[in-house]
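Before any comments, here is the structure.
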Amino acid sequence: MDRELPLMNSIPRLRLFLFLLIVFSAGVQTANACKELSKVCVDGPATKTVQGIKVYRACWKYSYKKLCTDNSYTNTCGPLEASASCHQIGSHCAETDSDGVCKVYTQTYKCGDLLNPSTGVIHVDTDYDIITDRWDDSQCSGVGSDTNCSLISNECMEPGETRNINGLDVYRDCWRYRKVYECLGDQKNDCETLEAATNCNQLSESCKHTSTSGLCTLTERQYQCTEATEVESPTVMNCKNQVYCLDGSCYSAASEPNQNFARAASYLAMIDEMAKDFDQDELVLFKGEALACDKHLLSYSNCCSEDGWGQDLGLDQCSKEEQRLAEKVQAESSHYVGSYCSKKTVLGVCVTKTKSYCAFNSKLGRIIQEQGRPQLGKGWGSAKRPDCSGITPQELQSLDFSQIDFSEFYEDVYRNVTVPDPQETTDGISARIQNYYDQNK
C-alpha cells in the first residue's frame, strides 16, 4: 500500500510589521523649554580694573549652546508608543537646523500587529518568523502504527527547492515523500481452541517464516494442556461375535474397517508436501513449471510420443527439457495445457507441433492444482503461454477440500504405508505383560 506525505500548504507565521516614525521639533519658546548642551569660556582668565579696582576672574564671558523645543510640536509616534505589541528598535536624526541641532528625529518600531498607519507613520516592511513547521502524515498514520505493516521504501517525490509560503521563502531538501508499506492480510489462527481452553497454557512462540521486509508470516505456538477429568466407563461383557444379548450389556467385538484412513492419510501427506513445496520467494504453494515437447511431423523425431514418451527414437534424442517433462508425465505430476503449431513452411504447412504442460513437484500438487483452480476461478493460460503459478496461502484457505477427489492418490498412500502384522503385535503385547508380572513378583 502506497501513501504520500505532503508538506502543509500553509505554515503559521509570526508577522512583525516595521514602521518608520518621523518626529518633528523646531523653534525656541522659553528658557523652560531649553536644555543646555554646552558652556564655553570666551574671555579669560584675566585681571581687569573695574571702577578703579583690579579684579581677577577665571572667565569673564561664557558662550552657551542650548537645545530648545517648541511645546506645540506633533509627536506622530504616539500610537506606536501606546501599543503593547510595539517596541522601539532604532532612532536617528532626519533633519538639523542651521546650527547643526537636530530638529526632526526618525524612530523605528517593530510591532506584532499591523496598525492602521497615521500621519507621519510609514509601513516599511513585514517580516515572517517560522513558529510551526510540521509534516502532514495523516495519510499513512494507520499503516505506520500497525504492527502488521513494515516500511519497505521511503522515496522523495518532490526534491529540494525554495518555495514562497505566505510571503516567506522557505527551502526544504524534500517537499513530498512516498512511503511504501508491506502489510499482512487476513491471518488464520489455528490456535483458537487451545487459547480458549482453561486447561492449556502457552509455553513458547516462534516465527517460522518471514517476508522479504522482515514481517513474520508464520508463527508457531506451543501449549501444554492437562488431561481431562476421567469419566468412569460402564462395565460390559465382550461377547466376541455374539450380537444378541438379553440385558443389552454386551457388544460385538467385530469392527468395520475405517473407510476414512486414505483421506486422512492424504491430508497428512498434503501437509507434508506443503512444507516441502513452499516457494519462500513468491510465498506460494505447489508452483508449477512450464515445459513443452515437439513433434516434427515431416520426420520420425517425436519427443511427445503418447506411447513410451520418446521411445520412438529414445529420449537421448530429445532436449533436456523434454526429458525432464517425460519424467514428470510418467510420474503423473504434470497437467496438459494444449498444443499449437510452432513451425510452418513458406506455404503455411505445419511441420512442428508443440505440446505445453504444467509440471509440478508431486502428484498431489497436480491434483490440488487441477481441482482447486476451478474453485478459485483460475485457468491454465494458453498453449503458448501456460499459467503454472502457485497457490497463495489465502487462496489455499478458501479451498473446500471436501470437494477435492484424492482417490487416485489413495493407491500411493496405501502402497507407502506399512501395516504391522497382527500376530506379531499380539505376541509383542503378551511378552511385555508377562515381563511386567515377572519383574513385580
Side-chain angles (χ1 to χ4, degrees), residues 8 10-134 160-173:
M8 290 288 291
S10 177
I11 303 178
R13 297 289 184 268
L14 177 62
R15 299 185 179 183
L16 298 176
F17 303 96
L18 193 63
F19 294 92
L20 287 180
L21 302 137
I22 303 174
V23 182
F24 298 94
S25 62
V28 177
Q29 189 175 36
T30 65
N32 293 332
C34 295
K35 178 181 179 182
E36 183 178 305
L37 299 179
S38 64
K39 178 182 177 181
V40 179
C41 179
V42 296
D43 185 5
T47 300
K48 293 184 179 184
T49 301
V50 179
Q51 296 179 357
I53 300 173
K54 291 184 178 181
V55 180
Y56 173 80
R57 291 286 186 269
C59 184
W60 289 93
K61 184 179 181 180
Y62 288 90
S63 174
Y64 293 88
K65 180 178 287 188
K66 296 185 178 183
L67 176 62
C68 300
T69 59
D70 187 353
N71 291 333
S72 62
Y73 75 91
T74 301
N75 181 10
T76 58
C77 299
L80 302 184
E81 292 174 349
S83 175
S85 67
C86 299
H87 63 278
Q88 184 177 338
I89 60 173
S91 178
H92 68 276
C93 181
E95 185 179 347
T96 60
D97 59 13
S98 58
D99 294 329
V101 177
C102 185
K103 63 178 182 178
V104 179
Y105 287 90
T106 298
Q107 296 178 347
T108 305
Y109 286 78
K110 180 171 286 189
C111 302
D113 299 322
L114 179 61
L115 304 178
N116 293 324
S118 58
T119 303
V121 178
I122 302 174
H123 179 203
V124 178
D125 197 5
T126 301
D127 292 336
Y128 294 89
D129 291 336
I130 299 177
I131 58 175
T132 300
D133 187 2
R134 67 182 181 86
E161 62 178 355
T162 299
R163 298 183 180 182
N164 188 277
I165 300 177
N166 291 346
L168 177 66
D169 289 337
V170 180
Y171 174 81
R172 290 290 179 267
D173 292 333

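Scope of the values below: all heavy atoms of this structure, side chains included, with no hydrogens, waters or symmetry mates. Heads up: numbering here begins at 1 and tracks the sequence. What you see is a predicted model; the values in this text were computed from it and never measured.
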Checklist outcome for this item: Contacts of Gln51 meeting side chain to side chain contact (heavy atoms under 4.5 Å, CB included) (sequence neighbours excluded), chain-then-number -> none

Checklist outcome for this item: Taken in chain and number order and not counting sequence neighbours, the residues that satisfy side chain to side chain contact (heavy atoms under 4.5 Å, CB included) with Asp169 are Thr162, Asn164

Item to check | Heavy-atom closest pair, residues Cys41 and Ala58 | outcome: SG-O, 4.3 Å

Item to check | With Tyr56 via side chain to side chain donor-acceptor pair (under 3.5 Å) - residues at least two apart | outcome: none

Checklist entry - Restricting to pairs with a member in residues 51-62, which pass salt bridge (Lys or Arg N to Asp or Glu O under 4.0 Å), not counting sequence neighbours? => result none

Checklist entry - At their closest point, which heavy atom of Cys86 faces which heavy atom of Leu80, and how far apart are they? => result CB-O, 3.4 Å

Checklist entry - Looking at residues at least two apart in the chain, or sitting in another chain, which of them share a salt bridge (charged side-chain N to carboxylate O under 4.0 Å, His left out) with Glu161? => result Arg163

Checklist entry - Which pairs count as salt bridge (Lys or Arg N to Asp or Glu O under 4.0 Å) when at least one residue sits in residues 74-85, sequence neighbours excluded? => result none

Checklist outcome for this item: Sorted by chain and number, sequence neighbours left out, side chain to side chain contact (heavy atoms under 4.5 Å, CB included) with Gln88 holds for Ser91, Gln107, Tyr109

Checklist entry - How far apart are the closest heavy atoms of Val121 and Thr76, and which atoms are they? => result CG2-O, 3.5 Å

Item to check | With sequence neighbours excluded, residues passing salt bridge (charged side-chain N to carboxylate O under 4.0 Å, His left out) with Lys48 | outcome: Asp43

Checklist entry - When rounded to the nearest 0.5 angstrom, what distance separates NZ in Lys39 from OG in Ser63? => result 11.0 Å

Checklist entry - What are the two closest heavy atoms between Val42 and Cys59, and how far apart are they? => result N-SG, 4.2 Å

